[in-house]
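Small disclaimer: the values here were computed from a predicted structure and weren't measured. Letters A, B, ... mirror the listed sequences (proteins, then strands); counts begin at 1.
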Amino acid sequence: MDSSADAFAPPEAGWIAVSPRLATARRVTLVLVYVVVVAGGVVLALAPLPVVWLVVYVVAALAAFVWTWWIIGRRVRSFGYAEREADLLVVSGTLVRRLVIVPYGRMQMVDLRAGPIDRWLGISTVQLHTAAATTDATIPGLLPADAAALRERLAARGEERTAGL
Amino acid sequence: MMQPRRTSPLSPLVQAAPALPAAALFFVGPGAAIVERSGIPFVVLAVVGALIGYAVFVAVAWLAWWRRTFWIDDDGDLRLDSGLVQRSARRLQLSRLQSVDIVAPFLARLAGLVEVRVEVAGAGDSRIVLRYLTRAEADSLRGIILQVTRAEESDDAPQPEALAQVPAGRLLAGLLLRSVTAGLLLATILLLVVTSLSQGPAGLVLVIITGGLPILSVVTEFLGNYDFRVARTREGLRIQRGLLSTQSRTIPPDRVHAVSIVSPLLWRHWGWVRVTITIAGVEGDEVRPDVLIPVAPRDEALRLLAEVLPDVDVDALPFESAPSRARWRAPLTWRSLACAITPQVIATRSGRITLRTSIAPHARVQSVRVTQGPWERRFGLASVHADVAPGPVDVAGRHLAEKDVAALAPREVDEMRRARLRG
């Protein structure tokens with residue numbers, strides 16, 4: 001297929017990728033979830049049930065773990081953003097691909113946040129809000145300095161654009 | 001200008017009326033024991049109990065009535081003082097009058113009373129409801145208010161001009177023939193036939209759901225949208241509707257973010273459509289209107305649409321249709337899927353049984369989204385969404401050719417910027 005047919009074609013400047021630490025953060029969360037899953041397995045092992053149940057449980061849990069581990073890597077690599085002159089582009093997703101284009105003039109608020117695991121690993125998330133609830137412009141996995149700078153730039157550009165009204 | 005006066009002395013009787021059944025129920029519970037011991041008939045007990053309860057509520061409402069006065073002061077403001085212990089004084093600037101409505105709720109009508117609602121433009125204290133006045137009092141009060149308003153305005157304001165009205169018969173027919181309602185009612189009839197033939201009671205439970213839900217929704221919507229009227233006022237389109245209680249709402253044209261023209265299969269024979277609408281929210285706003293007209297001939301609906309979205313020719317939108325390979329992704333609806341961009345608006349079309357055309361002005365679109373699921377990717381399709389303020393309208397061009405989407409998305413972003421520059 002020629003490039004003009006690609007609805008997700010990168011802008012001239014290309015996509016800026018997010019930090020691979022995001023994958024680490026999500027894998028840490030995955031491991032934490034699996035603490036509960038393993039606990040469930042222990043209960044199952046102690047329960048007076050046929051062994052086949054336990055085997056099925058372990059195989060399913062392992063398969064889900066490996067698959068999620070792998071898909072986290074792909075998803076994190078799929079994130080990208082680009083600041084153009086008048087708008088911000090955010091691309092994400094592997095199975096379902098998404099591209100969001102938000103003109104700076106439509107931004108109402110720029111959020112900067114980081115959960116405990118994010119802070120520990122040194123990454124944060126920038127999210128743009130418009131008057132529409134369906135606008136889904138979230139850039140996770142930014143280094144704190146980059147995130148703060150990005151938010152400042154976005155806020156400044158937003159003011160510049162709305163001031164022209 | 002006008003001496004402080006009270007609402008009609010019958011008001012407490014009406015206001016306390018909802019307490020009657022509650023009081024009756026309250027006395028029925030403990031009453032059972034008394035019935036057994038004293039032999040007082042059950043009905044007598046219920047009635048007496050209800051009357052005592054009612055009397056208490058009337059007494060409270062009477063005190064509130066006695067302390068509630070309204071008048072128009074020398075500045076031309078409508079004032080309302082009320083409150084038994086905690087006094088409250090409200091004041092409406094009549095120079096910003098938006099509407100004076102006389103409404104007759106069901107119970108008040110039985111006592112020959114009406115309710116007067118006065119609304120002014122602007123946030124905050126913008127509304128006073130006077131419960132209840134006699135018809136004559138209400139008419140004279142409205143006369144005085146309009147006179148005050150007119151005195152303050154040099155040019156005489158144009159009277160609201162009626163634009164559309166929905167007859168009760170059409171409303172009922174329209175509600176019954178909506179796709180989901182008609183489908184459920186049909187399913188109910190089939191279930192009833194099957195159950196009566198097989199003589200098994202199992203289906204009856206389902207019948208209650210399939211029959212009950214649509215009937216409930218038809219009744220609610222019928223009561224809510226009864227006598228639906230749209231008029232043009234200085235502030236925008238005014239919508240009045242309702243049977244048991246009347247609602248009056250004004251739609252300022254600059255707050256319309258998106259509209260949708262909905263046409264269910266069974267309506268198309270008469271060429272009826274419904275128009276839903278997304279109005280931008282304001283903090284602390286009451287329920288916003290989301291229907292511009294519940295059921296109307298297409299021409300009439302389009303005339304109303306032109307009031308809120310001028311310069312848009314709905315019948316001449318340059319739609320880009322989904323390619324025929326979209327049938328593999330949307331076997332039922334692929335024929336109608338389309339998206340159009342004009343200098344003023346972005347429009348999308350979808351649905352088969354119920355056709356929807358959604359339109360949003362570029363100046364109101366907040367962001368553009370492109371999405372592609374695995375199945376879409378397999379057939380070289382993609383979807384483009386124009387994100388608008390939360391509401392009933394969803395502007396999405398689904399399952400279009402990916403190369404069309406690759407052109408439509410940047411074009412919409414361009415138009416959004418241009419609309420912004422125009423202001």
**Asked** Do other residues, nucleotides or ligands put more than 12 heavy atoms under 6.0 Å from B:R325 CZ?
**Response**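 Yes, because the 6.0 Å sphere around CZ of B:R325 holds more than 12 heavy atoms from other groups.
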**Request:** Check the surroundings of atom CG in A:L49: do more than 12 heavy atoms from other residues, nucleotides or ligands lie under 6.0 Å from it?
**Result:**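 It does: A:L49 CG has more than 12 such atoms within range.
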**For chain B, which residues of residues 25-42 of chain A have heavy atoms nearer than 4.5 angstrom** =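 Within residues 25-42 of chain A, no residue comes under 4.5 Å of chain B, counting heavy atoms only.
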**Asked** Which of residues 113-132 of chain A have a heavy atom under 4.5 Å from any heavy atom of chain B?
**Response**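 Within residues 113-132 of chain A, the residues that come under 4.5 Å of chain B (heavy atoms only) are A:T130, A:A131, A:A132.
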Can you name the nearest heavy-atom pair linking [X] to [Y], along with the distance?
X: B:Q366; Y: A:T135; answer: CB-OG1, 4.3 Å
X: A:V96; Y: B:P374; answer: CG2-CD, 4.1 Å
X: A:R97; Y: B:R377; answer: CD-NH1, 3.0 Å

**Message:** A side-chain contact here means heavy atoms from C-beta on lying under 4.5 Å apart; do A:D6 and B:E402 qualify?
**Reply:**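 SC-SC contact between A:D6 and B:E402 confirmed.
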**Asked** Is there a side-chain contact between A:R98 and B:R369, using heavy atoms and a 4.5 Å cut-off?
**Response**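 When only atoms from C-beta onward are counted, B:R369 and A:R98 do not touch, as no gap falls below 4.5 Å.
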**Request:** Output the distance between atom OG (B:S367) and atom CG (A:L88), rounded to the nearest 0.5 Å.
**Result:**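 Between B:S367 OG and A:L88 CG, I get 10.5 Å after rounding to 0.5 Å.
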**Prompt:** To the nearest 0.5 Å, what is the distance between OG1 (B:T371) and CG (A:L99)?
**Reply:**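 Rounded to the nearest 0.5 Å, the OG1-CG separation comes to 10.0 Å.
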**Which residues share a salt bridge (Lys or Arg N to Asp or Glu O under 4.0 Å) with A:R153, sequence neighbours left out** =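 With neighbours one apart ignored, the set is A:E83.
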**Request:** For residues 338-377 of chain B, pull every pair meeting ring pair (Phe, Tyr, Trp, His ring centres under 6.0 Å), keeping only residues two or more places apart or in separate chains.
**Result:**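 Sorted result for residues 338-377 of chain B: B:W375-B:F379.
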**Prompt:** Tell me, side chain or backbone of B:V413 under 4.5 Å from chain A's heavy atoms, or both, or neither?
**Reply:**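 Just its side chain gets close to chain A.
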**Request:** Sort B:V384 into side chain, backbone, both or neither according to what part of it lies under 4.5 angstrom from a heavy atom of chain A.
**Result:**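 No part of it gets close to chain A.
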